[in-house]
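To keep things clear, I will list the structure first and then write my remarks on it.
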Amino acid sequence: MLAPVVCHNQLAKNIHDTCSQFGAAHRWGPGENETGMNRLALTDADKAVRDWFVKEAKGLGCEVEVDDMGNIWAIRGGVSDSRPTQDGSGKRLPPVIMGSHLDTQPRGGRYDGVLGVMAGLEALRVLKERDIKTWRPVGVVCWTNEEGARFPVSMVSSGVWAGEIPLGKAHSLKEVAGQEGKTMMEELERIGYLGDKKCSYEEMPMAAHFELHIEQGPVLEAKGKKVGVVRGSQAYKWFTVEVVGKEAHTGTTPYAQRADAFMAANSMIHYARWTGEEQDVLVSVGVFQVFPGSVNTIPGRVKFSLDIRSSSTDKLAQFVERHLRPKFDSIAKNVGANSQPCSVTWQEDTNSPAQLFDEGCCQAVKVSALSVLAAECQGNMEKAVGLVKYNMVSGAGHDSVHTAKRCPTSMIFVPSKGGLSHHPEEFTSEEDCVRGAQVLLESVLRFDRE
Ligand code: HGY
Ligand code: MN
Ligand code: MN
Ligand code: MN
């Protein structure tokens with residue numbers, strides 16, 4: 001094993017501390033398990049954990065920079081900093097980065113995103129305490145608003161970094177339906193994380209991006225695997241669909257005269273869900289608004305989110321264009337639910353094509369996972385090989401999806417209990433967390449030594 005062992009209880013403590021101190025434990029129900037994480041992007045809870053992270057990183061001697069999307073870059077210098085780079089540019093070599101996110105879902109779990117950031121911090125601590133010199137600079141980046149739970153474009157900051165999303169569009173993003181409508185820019189300024197560094201791969205290049213993340217699905221646990229080497233992620237799109245009908249009195253308006261926006265939307269969603277299953281496309285509605293929202297007024301307007309996912313980018317696009325859009329139009333025009341026509345409009349919020357990760361980085365993760373597991377299995381390579389799941393494709397989106405467009409990238413998965421995530425009972429054992437952190441550090445050192 002290349003890397004010194006990551007300290008078990010320090011990592012466990014950091015995860016516990018950041019979860020118990022910053023945006024945690026909102027009790028929603030009677031049971032102990034009804035607590036969860038509520039650390040939405042750019043809220044006070046997010047600010048608090050960011051401030052904690054910056055203090056910790058500075059305490060480890062890192063240079064800490066914030067860019068104009070609020071991403072926090074904590075960098076530990078490398079030997080090459082003091083040498084003129086090969087191309088004579090005199091510029092420092094781009095850092096090898098361990099990245100993930102600190103923001104959560106409204107009732108999120110304790111590991112989604114924060115594990116990758118805490119493990120990165122722990123890796124930097126180990127390098128410092130053992131005085132291990134890396135050739136390249138090595139660092140951790142905390143990406144802003146990965147979840148998209150507050151501002152409706154997920155992975156937005158890594159998307160700006162990769163040049164996929166214009167900065168202006170990201171800054172002007174308003175909170176999702178039902179919140180106060182603040183923009184990202186306003187909230188970045190309010191919490192003091194509107195940095196002056198330009199968030200772009202040209203200004204802030206990375207040599208590589210490794211992300212440790214919980215699997216958030218059932219595969220590793222079901223197959224008895226301890227580490228997943230992630231080869232890529234599936235495609236997904238988010239839309240906001242608006243249906244406009246006509247408000248009217250519920251007691252006096254015959255069906256023949258109704259343009260009921262809710263009933264039209266209901267038929268659309270029902271169609272999308274069942275056709276999705278036929279076409280092996282995942283369809284979910286997480287946000288649903290009815291206007292004016294009165295018991296005795298027929299809804300004149302409805303807005304709902306569509307989260308659509310498929311292993312194939314083309315299949316997802318065809319599903320939307322050939323199935324959903326025409327069917328939604330015909331439903332709106334009064335097929336089924338109404339006798340009077342409604343109108344339907346679509347707004348595309350997130351568009352994330354299926355993305356493959358870098359072969360070299362995946363190899364570094366694979367060899368590192370085997371090295372860590374072989375040490376655990378007292379050198380029994382056969383056993384170690386059986387504990388790794390190779391070539392996993394992530395069902396969830398991650399910032400690595402965007403970084404992979406601009407630098408070598410790979411991800412490391414550790415098991416999720418019951419495959420559950422985006423839920424207060426999301427759980428990954430300390431042992432699995434530490435093992436993942438160890439593989440992360442090994443992967444970075446292997447890449448650095450290439
Ligand atoms: O939506 C996702 O897959 C991720 O949690 N942002
Ligand atoms: Mn995540
Ligand atoms: Mn998530
Ligand atoms: Mn009345």
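Every number for a ligand or one of its atoms is a count from 1 in the order of the listing. Heavy-atom basis, side chains included; hydrogens, waters and symmetry copies ignored. Treat the numbers as computed from the prediction; the structure is a model and nothing was measured.
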Exercise. Which ligand 1 atoms are under 4.0 Å away from a heavy-atom of Gly397?
Worked result: 2 (C), 3 (O), 4 (C), 6 (N)

Seminar exercise, completed: Logged contact type for Met155 with ligand 1, heavy-atom cut-off 4.0 Å, is neither

For this session: Pull out every atom of ligand 1 sitting under 4.0 Å from any heavy atom of His422, numbered as shown with elements.
Result: 5 (O)

Exercise. Under a 4.0 Å heavy-atom limit, does Arg309 contact ligand 1 with its side chain, its backbone, both, or neither?
Worked result: side chain

Exercise. In terms of residue, atom name and distance, what is the protein heavy atom nearest to atom 6 (N) of ligand 1?
Worked result: Glu146 OE2, 2.9 Å

Exercise. Would you call the rings of Trp161 and Tyr201 parallel, tilted or perpendicular, where under 30° means parallel and over 60° means perpendicular?
Worked result: perpendicular

Problem set entry | Glu425/Lys417 salt bridge by N-O under 4.0 Å criterion | no

Exercise. Side chains of Ser158 and Asp399: donor-acceptor distance under 3.5 Å anywhere?
Worked result: yes

Exercise. Taking the Mn ion (ligand 2) as the centre, how many protein N/O/S atoms fall inside a distance shorter than 2.8 Å?
Worked result: 3

Exercise. Atoms of ligand 1 less than 4.0 Å from Trp238 heavy atoms?
Worked result: 1 (O)

Exercise. Backbone or side chain, does any N or O of Ala396 fall under 3.5 Å from an N or O of ligand 1?
Worked result: no

Exercise. Centres of the Phe328 and Phe239 rings: under 6.0 Å?
Worked result: no

Exercise. Near Arg322 CZ, under 6.0 Å, is it more than 12 heavy atoms from other residues, nucleotides or ligands?
Worked result: no

Exercise. Between Leu194, Asn145, Thr183, which is the residue that forms a side-chain contact (heavy atoms from CB on, under 4.5 Å) with Leu188?
Worked result: Leu194

Exercise. Is Leu60 close to Arg76 at the side-chain level, that is, under 4.5 Å between some pair of heavy atoms?
Worked result: no

Problem set entry | Residue and atom name of the nearest protein heavy atom (relative to atom 5 (O) of ligand 1), distance in Å to one decimal | Glu147 OE1, 3.1 Å

Problem set entry | Polar atom proximity, Ser154 to ligand 1 (N or O, under 3.5 Å) | no

For this session: Mark yes when over 12 heavy atoms from residues, nucleotides or ligands other than Trp274 sit less than 6.0 Å from its CH2; otherwise mark no.
Result: no

Exercise. Does Glu242 come within less than 4.0 Å of Arg301, counting only side-chain N to carboxylate O?
Worked result: yes

Exercise. Do Ser429 and Asp432 have side-chain atoms, one donor and one acceptor, less than 3.5 Å apart?
Worked result: yes

